[in-house]
Number of protein chains: 2
Amino acid sequence: MKPGERVDRQARILEAAMDLLSRHGISGVNMRAVAREAGVALGLVNYYYEDKTSLIRAALKRVDEHDIALVKPDPASPPKERLLEALRRVADPELLTTPYLSLRLHLWALAQANEDFAAINDAAFERYVDGLAALIGKARLDLAPEECRKRADDIVVIQNGMWLTALLGLDRASTERSINRTEEIAFAP
Amino acid sequence: MKPGERVDRQARILEAAMDLLSRHGISGVNMRAVAREAGVALGLVNYYYEDKTSLIRAALKRVDEHDIALVKPDPASPPKERLLEALRRVADPELLTTPYLSLRLHLWALAQANEDFAAINDAAFERYVDGLAALIGKARLDLAPEECRKRADDIVVIQNGMWLTALLGLDRASTERSINRTEEIAFAP
DNA sequence: GTCGAGTTTGAACATCTGTTCAAGACTAGA
DNA sequence: TCTAGTCTTGAACAGATGTTCAAACTCGAC
């Protein structure tokens, strides 16, 4: 059997769930809809994911890992470029898409209602800010760690704002100005 | 009958729905839970609100009106103070509470999944940015309207970021720095 | 008191949802 | 080919959910 022809149904189920969550919110994610979207039978969803919560948790973890990867860029390039790249990547049109942002928003809302999800989310957020602070530290050896952390905090506020406002139709020019603001914070004397 | 003793059950139902939405998300808002929380019988919820969607819509509208009121402050005070006040009020500990922010987040997520809600939300967002741009215009007669609008756009990004990040435990000092940033944008030469 | 309009109740109904499970299909090794 | 283990199916079940509605209640006007 040729590779690629064989379908990984577990992955298809997860993608179907993420797609439904992004498009219709949590009320649109039910086992039957997921199965239909993934093209499998109802029972298979519960075969791969113990229950609905595990399925959502898997989606949340995948998105969190994706976010954290943003602040762990190519370790080959010099520190300043790495930081710049990380700051710019947040507004990459590939990432700043409505489906992705919408998915993030729904997962964030779920974390508000479920402390189990909240814990996962909080940990990922911590790792993100830590990663950003570390990037700043490497690029700006003159700054104390607390100052790096402070700047990372400030940058994250703007990034979250960009990201959230993008869902309401933030224009590209405004995005660019916000990116510049994060760069100014990172590279301020 | 003493005023205040008589309960406005319609209002109590709406408040119960908003409370549940804030705490447990949309899955926690069902007619029975709303009735229980409001202390009324199940049927009464459908008596005052045609269906569940109308109930959520009413909650969304109330929150939107509340937000827009932030950029329509006391018209008695001078323009610069009015603007400052509006910029600071966003981070007022009375407003920046977890229940309120959580409610906003859930409503935003719902707007992503339902184009009817999205339209209401978009209109409110437009009105908010317009209001902010108008406040800047009154405080800064030297700026062209387009420049005011641009600055309002930039400020809104930071405000949304503050607001969203506050849900993840943004500390007060970081909030203050973000507020200062919005003031710098508004009053920049 | 009686009437009537407005309000309030909770049982009933149809539908939807998460989960279980027995049965079948598929696959690789013997 | 046979077998054992894994994967896949969809019917079935129990419980939840939105909505309807007939009956009961409230209270001011007459």
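To find a chain, count down the sequence lines: A is the first, B the second, and so on, and within it residues start at 1. Bear in mind that the values here come from a model prediction, so they are computed numbers and not experimental data.
- Nearest nucleotide to the A/R9 side chain, out of D/dT8, C/dG18, D/dT19: D/dT8.
- A/L44 places its CG atom 14 Å from the C1' atom of C/dG24, with the value rounded to the nearest Å.
- The B/L42 side chain lies nearest to C/dA11 when the options are D/dT9, C/dT19, C/dA11.
- Residue A/D51 has its side chain nearest to C/dT19 when only C/dT7, C/dT19, D/dT8 are considered.
- For C/dT7, the OP1/OP2 oxygens have a side-chain nitrogen or oxygen of B/Y47 closer than 4.0 Å.
- Between A/R32 and B/Y48, the residue anchored nearer the 5' end of DNA chain C, judged by the nucleotide with its closest heavy atom, is B/Y48.
- Summarising the geometry, atom CG belonging to A/L87 is positioned 7.0 Å from atom CD1 belonging to A/I136; distances are rounded to the nearest 0.5 Å.
- Between A/R57 and A/Y49, the closest side-chain pair of non-hydrogen atoms is not below 4.5 Å.
- A/V29 comes within 4.0 angstrom of the backbone, heavy atoms only, and of no base.
- Within 4.0 Å (heavy atoms only), A/N30 reaches sugar-phosphate atoms of the nucleic acid but no base atom.
- A/L164 places a side-chain heavy atom less than 4.5 Å from the side chain of B/W163.
- Of the candidate nucleotides C/dT19, D/dT19, D/dT9, D/dT19 has the atom lying nearest to any side-chain atom of B/N46.
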Evaluate B/R151 against B/L143 for side chain to side chain contact (heavy atoms under 4.5 Å, CB included), listing each step before the verdict. CA-CA 10 Å; B/R151 294 187 181 200; B/L143 296 180; 3.7 Å; yes

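- Here the C1' atom of nucleotide C/dG10 and the CZ atom of B/R36 are 14 Å apart, to the nearest Å.
- Rounded to a whole Å, the OH atom of B/Y49 is 20 Å from the P atom of D/dT17.
- When the P atom of D/dG15 is taken as reference, atom CE of A/M31 falls 19 Å away, rounded to whole Å.
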